[in-house]
Amino acid sequence: MSVIRTIYTLSLILCCLSAEAQVSSAKPQSQTSHRTTTSTGPRIHTPRAPKNPFQAIQYPWRKNITATVFWIGEKPTARNPTPNHASSWDTKWQQNYGGYDNPDKAARIGYRPKAFTPRLNPFYIALPFNDCLNHRTHHPVAHRVIPWWHKRADKRPGKTACKGRWVQIVHGRRVCYAQWEDCGPFTTNDWQYVFGGKRPKNEHNNGAGIDVSPAVRDFLGMGWSAKVHWRFIDFSQVPRGAWSQYGSNNPFIHAHLDPDRQAKKEYMEYLKRLRDESYRKKNSRR
């Protein structure tokens, strides 16, 4: 796992937080991020700390949602005209995966296809929202509704903040974890459901609100359609399991892909600066 999770780093965080508390206690209680010293005086800016990415977010559950099965390489049909050789965020999805993710249980071994070893995580899902309008522009509500927006590693316009995020899915007594890799079913603009807690807009397939891969289907022991509960979950809270074994997009295998890694790095740098500043002030008073 990431070096951020080592005991040394945790100790450093505690030390830095202690220093932060000492600095904060020395500030007047009335101090705000911006204040004017006099009616005509200069404005003084006091930088605020970035949000703490080590504090796991408890995302709300979406309960009793119809889940349907989809797969990489799925051919279009009259009821589902969108082919799955590409995803909303990967024009070469099937090629990058390594082939056709055959959903036939006789063609599978464990939680992957028999024909090849997948090059991407076979535990994937689709949700009906795309945060990118194209490769240059984000959806206008993306910055407002996506909870982890401020922590995204790639802040360039048109770069998705959703691809690769983890979800927790419950069906009966089984719990599975998977990565968000495509948009659907049937729509890509239902942010009110995905992030706002509304019921899915889609009315097809019994109001399906999440598509799951054959691996997720088999792990949960569900059929081609079932009711599930799901929620987003920070990668730091995802346990190891069948979903941690494969994939060049899998942060269990490649630690630098942890979607919060860059935010954690920036926060650690902030804490170090805060600690050093606290030491300088303490030494100057001696």
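Everything numeric in this text was worked out from a predicted model, so none of it was measured.
With sequence neighbours left out, Arg156 forms a side-chain hydrogen bond (donor to acceptor under 3.5 Å, both in side chains) with Asp154. For Leu257, the side chain to side chain contact (heavy atoms under 4.5 Å, CB included) criterion is met by Pro251, His254, not counting sequence neighbours. Under the rule for a side-chain hydrogen bond (donor to acceptor under 3.5 Å, both in side chains), the partners of Trp71 that lie at least two apart in sequence or sit in another chain are Tyr100. Every side chain to side chain contact (heavy atoms under 4.5 Å, CB included) that Ala161 has, sequence neighbours left out, goes to Asp131, Trp148, Trp149, Arg152. Scanning for side chain to side chain contact (heavy atoms under 4.5 Å, CB included) contacts around Gln95 gives Lys92, with sequence neighbours left out. Applying the side-chain hydrogen bond (donor to acceptor under 3.5 Å, both in side chains) test to Thr137 and every residue at least two apart in sequence or in another chain returns Asn134. Applying the side-chain hydrogen bond (donor to acceptor under 3.5 Å, both in side chains) test to Arg112 and every residue at least two apart in sequence or in another chain returns Tyr246. Not counting sequence neighbours, the partners of Arg280 by the side chain to side chain contact (heavy atoms under 4.5 Å, CB included) test are Asp276, Glu277.
If you take CG on Leu271 and OG on Ser278, they are separated by 12.0 Å, rounding to the nearest 0.5 Å. The distance from the CH2 atom of Trp243 to the CD atom of Gln245 is 9.5 Å, given to the nearest 0.5 Å. Interatomic distance, CE of Met268 versus NZ of Lys264, reported as 11.0 Å (0.5 Å rounding). Expressed to the nearest 0.5 Å, how far OG1 of Thr68 lies from CD1 of Ile210 amounts to 9.0 Å. To the nearest 0.5 Å, atoms CG (Asn130) and SG (Cys162) are separated by 7.5 Å. Atom-to-atom distance recorded for His143:NE2 and His150:NE2 is 14.0 Å, nearest 0.5 angstrom.
Within the structure, every pair that satisfies the salt bridge (charged side-chain N to carboxylate O under 4.0 Å, His left out) test and touches residues 208-221, not counting sequence neighbours, is listed here: Arg108-Asp218. Counting only residues at least two apart or in different chains, side chain to side chain donor-acceptor pair (under 3.5 Å) contacts with residues 177-189 comprise Ser88-Asp182, Asn121-Gln179, His139-Asn189, Lys163-Glu181, Gln168-Tyr177, Glu181-Asn249. For residues 219-228, the side chain to side chain donor-acceptor pair (under 3.5 Å) pairs, not counting sequence neighbours, are Thr66-Lys227.
Using a 4.5 Å heavy-atom threshold, the side chains of Pro140 and Leu133 count as touching. Looking only at side-chain heavy atoms (C-beta outward), Ile169 and Leu220 come within less than 4.5 Å of each other. Side-chain atoms of Arg273 and Glu269, non-hydrogen and from C-beta on, do get closer than 4.5 Å to each other. Proximity of Asp234 to Arg165: side-chain heavy atoms (C-beta onward) are separated by under 4.5 Å at one or more points. For the pair Pro60/Arg62, a side-chain contact is recorded, criterion being any heavy-atom separation below 4.5 Å from C-beta on. A heavy-atom distance below 4.5 Å is not found between the side chains of Asp260 and Ser236. Side-chain contact between Phe232 and Pro147 is absent, with no heavy-atom pair separated by less than 4.5 Å. You'll find the side chain of Phe70 stays beyond 4.5 Å of the side chain of Pro103, heavy atoms only.
Under a hydrophobic clustering in which Ile, Leu, Val, Met, Phe, Trp and Tyr are joined whenever their side-chain heavy atoms come within less than 4.5 Å, directly or via other members, Trp61 and Val175 fall into the same cluster.
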Step by step, work out the side chain to side chain contact (heavy atoms under 4.5 Å, CB included) result for Tyr111 and Ser213. CA-CA 10 Å; Tyr111 299 107; Ser213 70; over 6 Å; no
Given Ile72 and Asn84, is the side chain to side chain contact (heavy atoms under 4.5 Å, CB included) satisfied, shown in steps? CA-CA 5 Å; Ile72 296 173; Asn84 285 334; 5.7 Å; no
Apply the test side chain to side chain contact (heavy atoms under 4.5 Å, CB included) to residues Ser244 and Phe123: give CA-CA distance (whole Å), side-chain angles for both, the deciding distance (0.1 Å), then the verdict. CA-CA 9 Å; Ser244 62; Phe123 286 80; over 6 Å; no
If you apply the rule side chain to side chain contact (heavy atoms under 4.5 Å, CB included), what do you find for Gln237 with Gln58, and how did you get there? CA-CA 10 Å; Gln237 294 182 295; Gln58 295 300 318; 3.1 Å; yes
Please lay out, stage by stage, how Asp190 and Asn202 fare under the test side-chain hydrogen bond (donor to acceptor under 3.5 Å, both in side chains). CA-CA 9 Å; Asp190 194 0; Asn202 170 52; over 6 Å; no
Quick one: side chains of residues 191-199, donor-acceptor pairs under 3.5 Å with protein atoms, not counting sequence neighbours, listed by atom name and distance.
from, atom 1, to, atom 2, distance (Å)
Gln192, OE1, Lys201, NZ, 3.4
Tyr193, OH, Gly209, O, 2.8
Tyr193, OH, Trp230, NE1, 2.8
Arg199, NH1, Lys63, O, 2.7
Arg199, NH2, Asn64, O, 2.8

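Here the closest heavy-atom approach between residue Cys132 and residue Gly158 is recorded as SG-O, 3.3 Å. Heavy-atom minimum distance, Val69 versus Pro214: CG1-N, 4.3 Å. Between Ala215 and Pro122 the shortest heavy-atom distance is CB-O, 3.3 Å. Counting all heavy atoms, side chain and backbone alike, Phe252 lies closest to Val238 at CZ-O, 3.4 Å.
Not one N or O on the side chain of His85 forms a donor-acceptor pair closer than 3.5 Å with the backbone of Glu74.
Cation-pi geometry between Arg119 and Tyr97 is not satisfied (NZ or CZ under 6.0 Å from the ring centre, within 45° of the ring normal).
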